[in-house]
2 protein chains.
Amino acid sequence: MALESGVARGNLGKHFKVARKGHIVSLAKPRPDQVIIVCEGWAFEYLPLTKGRQQILAFLSAGDMLFPGDILGQQGESSARALTDVQFGIFSMAAIKDRIVREPQLAMVISELLGERLREANQLLTAVAQKSAEERVAWFLLHFTSRLRKWSADESERYLFPFLQQHIADTVGLTAVHVSRTMATFRARGWLRLDTGFLEILNRRELEQICQFTSSR
Amino acid sequence: MALESGVARGNLGKHFKVARKGHIVSLAKPRPDQVIIVCEGWAFEYLPLTKGRQQILAFLSAGDMLFPGDILGQQGESSARALTDVQFGIFSMAAIKDRIVREPQLAMVISELLGERLREANQLLTAVAQKSAEERVAWFLLHFTSRLRKWSADESERYLFPFLQQHIADTVGLTAVHVSRTMATFRARGWLRLDTGFLEILNRRELEQICQFTSSR
DNA sequence: CGCCTACTTGAACCAAGTCAACAGCAGTGG
DNA sequence: CCACTGCTGTTGACTTGGTTCAAGTAGGCG
């Protein structure tokens with residue numbers, strides 16, 4: 001978003017593309033000299049592992065940049081996939097580098113963005129390394145929904161929920177089976193409801209209580 | 001290092017300090033408007049948790065910047081502690097921002113540094129979320145030693161080892177007891193030796209085999 | 001209708017945690 | 001010099017949270 005407004009003024013070789021639900025947005029390698037930004041829909045960035053497994057690193061929605069760690073640096077090992085149908089914009093990395101020289105503010109914006117992602121990665125790491133299954137799943141749900149709340153106008157606790165339980169599992173380091181069990185107990189306690197692609201948080205307080213660490217905003 | 005040389009030319013309000021082994025280098029908050037770079041010794045960055053627990057996020061040695069995620073952005077929740085006696089340099093953040101405007105290259109250097117850290121955080125996350133205890137401990141040892149190898153001239157497999165098993169545990173999300181057990185089996189298999197602060201890798205091949213994922217460089 | 005994929009639930013199993021006792025060692029002070 | 005203390009690591013016995021395997025249900029879509 002900040003980046004969007006920061007670069008919209010100049011010609012940065014921008015154009016648009018669409019990725020259908022479930023399809024790959026960008027493979028780890030070879031990766032073209034581009035910067036990709038999600039305009040609409042959900043995608044996720046992941047590290048492919050052996051035997052079809054994957055570690056999900058981040059979920060991206062409108063305004064988020066893919067592979068921020070790779071911009072201006074070495075290329076990583078991560079790929080990205082469309083969670084819903086996704087529209088995204090593509091900028092030329094060379095053009096951005098060019099632009100930075102003339103307009104250093106842009107570089108600072110990018111650095112802030114990277115810092116934000118680093119902090120989020122560390123939060124997730126902490127949850128996975130130190131917390132129980134219930135805490136991790138609760139963390140996932142809260143993290144995801146609080147992100148949406150930042151943008152939405154109303155205070156409703158009903159969210160479009162585009163994730164499979166397998167996605168949650170691949171993010172927080174559990175099996176899909178155990179995620180299912182865990183969410184079942186949350187439902188049984190009356191903390192949330194889940195119907196046809198919508199998640200409703202019925203007791204945010206309790207969920208927050210469960211995963212209280214470092215007063216996470 | 002890259003940053004070091006990049007900023008050494010101008011006056012960035014630099015001065016030096018020392019932190020004694022085990023002492024805190026910088027608390028999460030309030031954190032002064034500074035950029036800290038390790039010049040000598042080892043420190044680690046961590047997220048303090050409840051009940052005296054902590055998640056270690058990264059180990060820093062000569063040339064590494066503390067809290068890269070916070071520079072030019074929001075302040076995070078992480079603190080830092082000296083693992084050995086540590087000498088570090090302090091720059092004024094305001095001076096660096098100032099400098100960036102005149103010399104955008106500096107911002108790119110910082111972004112690369114941030115990208116590097118983000119990629120490392122993701123590697124650690126993947127290890128913790130997806131790997132067994134043996135794999136995680138092996139990953140830790142290899143990750144740590146390969147870092148040293150990059151800088152040292154000789155090919156020796158003997159390293160000064162400043163970590164407690166508790167540090168390893170706090171990094172990879174295990175208990176110290178289990179780290180002890182795991183390293184005991186590595187020793188029993190003749191893969192490594194450990195005497196008075198020195199670690200010797202006797203069979204790097206086997207250790208690498210154990211934690212082969214994403215061809216991690 | 002029938003197939004496929006996502007989710008649910010049960011039972012058995014196992015990797016890692018917990019609790020506890022003990023050894024080795026460094027530092028400290030009498 | 002030795003006794004005392006505290007910290008780090010080791011090892012054993014037991015417990016447990018989460019995985020694995022497997023069978024069954026429910027929706028979505030050709």
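Lettering of chains follows the sequences in order, A, B, ..., and the numbering in each one begins at 1.
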- Task: Return the angle between end axes of the helix from C:dC1-D:dG30 to C:dG30-D:dC1, with five pairs used per end and rounding to 10°.
- Result: 30°

- Query: Testing A:Leu194, A:Leu148, A:Thr145 for side chain to side chain contact (heavy atoms under 4.5 Å, CB included) with A:Phe161, which one passes?
  - Reply: A:Leu194

- Message: Taking the ring centre of each residue, are A:Phe163 and A:Phe44 less than 6.0 Å apart?
- Response: no

- Please report the shortest heavy-atom distance between A:Pro68 and B:Leu118, naming the atom on each side. CG-CD2, 4.0 Å

- At what distance, to the nearest 0.5 angstrom, does CG of A:Leu199 lie from CE of A:Met183? 6.0 Å

What N/O pairs connect the protein and nucleotides 28-30 of chain D at under 3.5 Å? Give each pair on its own line.
none

- Quick one: A:Leu164 CG to D:dG27 C1', roughly how many Å, whole number? 14 Å

- Note on the structure: CZ of A:Phe198 to CZ of A:Arg193, rounded to nearest 0.5 Å, is 13.0 Å

- Message: Tell me every residue that passes side chain to side chain donor-acceptor pair (under 3.5 Å) with B:Arg136, counting only those two or more places apart in sequence or in another chain.
- Response: none

- For nucleotides 10-17 of chain D, read 5' to 3', which letter fits each nucleotide if B means a protein heavy atom sits under 4.0 Å from the base, S means only the sugar-phosphate is that close, and - means neither? BBBB----

- Angle class for the B:His143/B:Trp139 ring planes (parallel below 30°, perpendicular above 60°, tilted otherwise)? parallel

- Item | Nearest heavy atoms of A:Ala62 and A:Cys39, plus distance in Å | CB-O, 3.3 Å

- Only counting residues at least two apart or in another chain, list the ones meeting salt bridge (charged side-chain N to carboxylate O under 4.0 Å, His left out) with B:Asp195. B:Arg158

- Query: Between atom CZ in A:Arg136 and atom C1' in D:dG18, what is the gap in whole Å?
  - Reply: 9 Å

- Query: Can you give the first and last nucleotides of DNA chain C, 5' to 3', that have an atom under 4.0 Å from a heavy atom of chain B?
  - Reply: C:dA16 to C:dT18

